[in-house]
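Following: one structure in structure tokens, then a few remarks.
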Amino acid sequence: MTMTSLLDGLDAHAQRLASSTLVNLIANDPARAQEFALRCGPLYANFARQRYDRTALDALFDLAKRADLAGAMQQLLGGETVNGTEGRAALHSALRGGVATSAFALAARAQALSAQLRMRELIDALAASDVTDIVSVGIGGSDLGPRLIVDALARPGARFRVHFISNVDGNAARRVLAGLDPAKTAGVVISKTFGTQETLLNGGIVREWLGNDDRLYAVSTNAQRVADFGIPPERTLPMWDWVGGRYSLWSAVGFPIALALGMDRFEQLLEGAAAMDTHALHAPLHGNIAVWHALTAVWNRNGLHAATQAVLPYDDRLKLLPNYLQQLVMESLGKSVRVDGSDIAADTVPVWWGGAGTDTQHSFFQALHQGTQIVPADFIGVVKADHPHAANHAALLANLLAQTEALANGQDSDDPHRRYPGNRPSTLLLLDALTPQSLGMLIALYEHSVYLQSVVWGINAFDQFGVELGKQVASRLLPALRGESQAHDAVTRALLAVIHG
Ligand code: F6P
């Protein structure tokens, strides 16, 4: 049987279950509350409120076997060329542990460790200086991960305050720099390629604003471009083409994280991710959280045909997680062509979106409860609070649990406006506490789930050619904005006329 027909088979299961509700799926099989739940260290996952039964799950695990998800994990962590279109490995796992045994993966691990030593030295030197603030310049994978982790885990009173500039809109640089003293600030320009328009423009602004090149650092694979920009090798940290941009926070791209948290806590983040690597590689399919998460995503997309997926962290410190996951998931899985170049018959990635609870309960949750679209959701909670406001934490957890229950079970009413249809699926991910380890583990779970989804769909999770065309058109438009060319379509010419007044 082909993968396409197996994916089509999910439709048959969804149709078989069309008249079943989550209320009766759970009532008829109460053991699923415990048996559809897994734990890996501080991370607990419960899939009991997904709209599959054990028969549909058997079909999903059959899909996992036929797609050889276990073999795919070995290929990934062994440093095989899983990014075929660019002829590269995707060895982010080598940055954080050492589950791999191939010579290539071991060499990558050695490079990663030597870069970590250099990070520690540079941080120690900066800590011995007058520098109090760090401005990190990067975009996409060279920004979103560090921004998320710093926002989630930096403590008040830390040795350095870390700020981020990503958007090419000059307001981004202006607003960040306005509050800072150039004499007490260091800049880090982060770009895997060192060819990204936004980062080079913003890096140039920071270089000029600092007025002292000694406090400007770089992270890149392209040492020559960094040198041309004016940053010498002793202030440049390496990156490698075996790390994808959106999988790179564990590398020297995480320099701002290490500055904000300290190198020891940065290493704890890596340890948490490494523990998930070990779990994803060695746990049997039925006990493997990454496999369950990936199969659930495939079920919701190809069985239930959900067009979007929400991610709802119930922890204010994780409010940037949806932004981070949008790149990780949608840049990785937003493909309609299989690895062999053929069109994929099934739907691939849905639109990922979300925001932190409880704020979002007062914005878009109305649509989750009563809208016409079914939106599967990942709810993420943290069991132990790190603050003294016990009543707030109890309210937060009560809201988290209440929403998953209300979405699943609904509530009937004679008044159609006050009727809650329920039957809206969710996964609950709970961290014992929010620590570098648990957050590293959570992010690594999403990385592996994304990869496993790509294997089921037969697509390459590690290229992103889709973003290139817009960049090319933008660079052709720059002369047109200066009035030097007309080579665009009629609509763009009309818009240029408006801009030119
Ligand atoms: O958005 C496209 C992209 O290539 C991302 O994949 C990448 O994370 C981002 O641009 C930034 O690229 P770089 O690190 O090379 O500046």
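The basis for the numbers below is simple: all heavy atoms, side chains too, and nothing from hydrogens, waters or symmetry mates. If you're wondering where the values come from, they're calculated on a predicted model, not measured in any experiment. Ligands are counted one by one from 1 in listed order, and the atoms in each one are counted from 1 as well.
Shortest contact from atom 8 (O) of ligand 1 to any protein heavy atom: Gly141 N, 2.7 Å. Among all non-hydrogen protein atoms, the one lying nearest atom 11 (C) of ligand 1 is Ile139 O, 3.3 Å. Among protein heavy atoms, atom 12 (O) of ligand 1 sits closest to Thr196 OG1, 3.5 Å. Of all protein heavy atoms, the one lying nearest to atom 15 (O) of ligand 1 is Thr193 OG1, 2.6 Å.
If you check the side chains of Ser220 and Asn222, you find no donor sitting under 3.5 Å from an acceptor. Asp347 and Asn302 are not linked by any side-chain donor-acceptor pair at a separation below 3.5 angstrom, with hydrogens and angles left out of the test. Counted by atom type alone, Thr85 and Asn460 present one or more donor-acceptor pairs between their side chains at under 3.5 Å. A donor atom on one side chain and an acceptor atom on the other are found under 3.5 Å apart for Gln50 and Asn300. Checking Ser248 against Ser251 by side-chain atom types alone, no donor-acceptor pair falls below 3.5 Å.
Between Lys471 and Glu468 there is a salt bridge, with a side-chain nitrogen of the basic residue lying less than 4.0 Å from a carboxylate oxygen of the acidic one.
Note that Arg207 lies in the cation-pi zone of Phe229, set by a 6.0 Å cut-off to the ring centre and a 45° limit from the axis.
Heavy atoms of Glu198 stay at 4.0 angstrom or farther from ligand 1.
Summarising the contacts of atom 6 (O) of ligand 1 with Lys471, Glu331, Lys192, the nearest heavy atom is found in Glu331.
Only the side chain of Gln464 comes within 4.0 Å of ligand 1, counting heavy atoms alone; its backbone N, CA, C and O stay farther away. At a 4.0 Å heavy-atom cut-off, ligand 1 touches Val467 through the side chain alone. Neither the backbone nor the side chain of Met239 comes within contact range of ligand 1; no heavy atom lies under 4.0 Å.
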